[in-house]
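Note that the structure is a prediction, hence the values are computed from the model and not measured. Residue indices begin at 1 and follow the sequence shown.
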Amino acid sequence: MAAGGLLVMLTVLVATPQLLGSRVDAAVGSLDQANPRWLWIAGAGFLLSVLASAGSWLSAIRVCGGKLSLGDACARYGAGSLVNTFVPARAGDALRIGLFSRALPNRERLWTSGSAYAALGAARAVVLVALVVAGSLAGVMPLWPLFVLLGLVGVGIALAVRTSRRPAGGRFSHILDAFRALGREPRAAVRLVAWIALSTAGRLASATAVGAALGIRQPLAAAVVIVPMLEVAGMIPLTPGNIGVTSGAIAMAFQAQGVSFTRGLAAGIAFHAVETAVGILVGVSSVI
């Protein structure tokens, strides 16, 4: 009920952007100048990101003993995307854990599916390390996030190494099933990171295309900053689809590259609009 009320309020604000101030009104008005071809490319990038994310879940569940196809994985992942679009607090991720657990054979499958989710987070940290290093070398991003990400990667590797030779004991030990399996099969860990890298590349391409659609200079450099910021902003989304937070984070990233706040906010709104449209399309198809 709270999510529904918030969604109605956001719909009213989107329909009447002048209520949010002159800057938001000007940003929405500038969207008429966006190049539609680049926005279609952004949509293709988001679609690639969703499919690759589903592939990463497929890889994580299979290494834990689950059996499912890529199409099945896309349907389960897409259902979670649809929930995340309309419900805050990453409820869609909880749905994904439940849906993917059905492909596992063991009785403690929910714990095992939760361990797959944690392993995906560690793999995502590996990819973000490379992105932060690239951004730092290009002079568009500070280096301090690297230490936080390396800490997460180190924890994941330590868990995989330490649990690889230990069988699961009690129920709670199954929360480490994915790390245990990845420690025994390093090639699966490489496949997992590769899927996450492909998903991140899709979002990077989308952010670049949105910047190019609005005529922003050096959109790729800004995209390198945007993607890690969105990962941080998406950890605890307080609004359905993280609306508002995503646009604000992108506006700040573009502003740091010398782009005006109004144009940066317009890019953030366009980015979120295209991402939401793809999420709804994939989500509805998945549920059907």
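- Atom OG1 of T200 is separated from atom CG of L230 by 11.0 Å, given to the nearest 0.5 angstrom.
- The hydrophobic clustering, which links ILVMFWY residues whose side-chain heavy atoms are closer than 4.5 Å, places L150 and L192 together.
- Note: T112 OG1 to N106 CG = 4.0 Å, rounded to the nearest 0.5 Å.
- In terms of heavy-atom proximity, G92 sits nearest to V83 at N-CG1, 3.6 Å.
- Judged purely by atom type and a 3.5 angstrom limit, S286 uses its side chain to pair as donor or acceptor with the backbone of V282.
- Within the 4.5 Å cutoff, the side chain of L82 has no heavy atoms near those of the L95 side chain.
- Scanning both residues, F100 and S113, for their nearest heavy atoms gives CB-OG, 4.0 Å.
- Looking at residues two or more places apart in sequence or on another chain, you find no side-chain hydrogen bond (donor to acceptor under 3.5 Å, both in side chains) involving R124.
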List the atom pairs, donor and acceptor, that lie under 3.5 Å between side-chain atoms in residues 51-61 and the rest of the protein, sequence neighbours left out.
{"residue": "S53", "atom": "OG", "partner": "S49", "partner atom": "O", "Å": "2.9"}
{"residue": "S53", "atom": "OG", "partner": "S199", "partner atom": "OG", "Å": "2.8"}
{"residue": "S56", "atom": "OG", "partner": "S53", "partner atom": "O", "Å": "2.5"}

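- A 4.5 Å side-chain heavy-atom check between R180 and D177 finds at least one atom pair inside the cut-off.
- Taken to the nearest 0.5 Å, the OG1 atom of T85 stands 8.5 Å off from the CD atom of E275.
- Of the possible polar contacts, none joining the S101 side chain to the R109 backbone as a donor-acceptor pair under 3.5 Å is found.
- Rounded to the nearest 0.5 angstrom, R102 CZ and R76 CZ are separated by 7.5 Å.
- The side-chain hydrogen bond (donor to acceptor under 3.5 Å, both in side chains) search around R96 returns S81, D93, not counting sequence neighbours.
- Across all non-hydrogen atoms, the minimal contact from G98 to L110 is CA-CD2, 4.0 Å.
- Contact of the R191 side chain with the E185 side chain is registered, since non-hydrogen atoms from C-beta on lie closer than 4.5 Å.
- Both V129 and L204 belong to a common hydrophobic cluster when Ile, Leu, Val, Met, Phe, Trp and Tyr are linked at side-chain heavy-atom distances under 4.5 angstrom.
- Hydrophobic cluster membership differs between W195 and V126, with clusters built from Ile, Leu, Val, Met, Phe, Trp and Tyr side chains linked at under 4.5 angstrom.
- The nearest pair of heavy atoms linking G135 to V224 is CA-CG1, 3.6 Å.
- For S136 (side chain) and V133 (main-chain N/O), no donor-acceptor pair under 3.5 Å exists by modelled atom type.
- In this structure the side chain of P219 reaches within 4.5 angstrom of the side chain of T208, judged on heavy atoms.
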Just list the side-chain donor-acceptor pairs under 3.5 Å for residues 62-71, sequence neighbours left out, or say none.
{"residue": "R62", "atom": "NE", "partner": "L68", "partner atom": "O", "Å": "3.3"}
{"residue": "R62", "atom": "NH2", "partner": "L68", "partner atom": "O", "Å": "3.0"}
{"residue": "S69", "atom": "OG", "partner": "D72", "partner atom": "N", "Å": "3.2"}

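- Distance alone, capped at 3.5 Å, is enough to place a donor-acceptor pair between the S206 side chain and the A42 backbone.
- Residues in residues 42-56 take part in no salt bridge (charged side-chain N to carboxylate O under 4.0 Å, His left out) pair, two or more places apart or across chains.
- Contact check for W111 versus E108: side-chain heavy atoms found under the 4.5 Å cut-off.
- Residue V225 is not grouped with residue F147 when hydrophobic side chains (ILVMFWY) are merged at heavy-atom distances under 4.5 angstrom, including chains of intermediate members.
- Note on L265 and W38: separate hydrophobic clusters, where clusters join Ile, Leu, Val, Met, Phe, Trp and Tyr whose side-chain heavy atoms are under 4.5 Å apart, directly or indirectly.
- Counting all heavy atoms, side chain and backbone alike, L152 lies closest to A125 at CB-CB, 4.1 Å.
- Atom-to-atom distance recorded for L281:CG and L47:CG is 8.0 Å, nearest 0.5 angstrom.
- The ring-ring contact (aromatic ring centres under 6.0 Å, His included) check on F46 picks up F271, with sequence neighbours excluded.
- Between atom OG1 of residue T276 and atom CG of residue N84 there is a gap of 11.0 Å, rounded to the nearest 0.5 Å.
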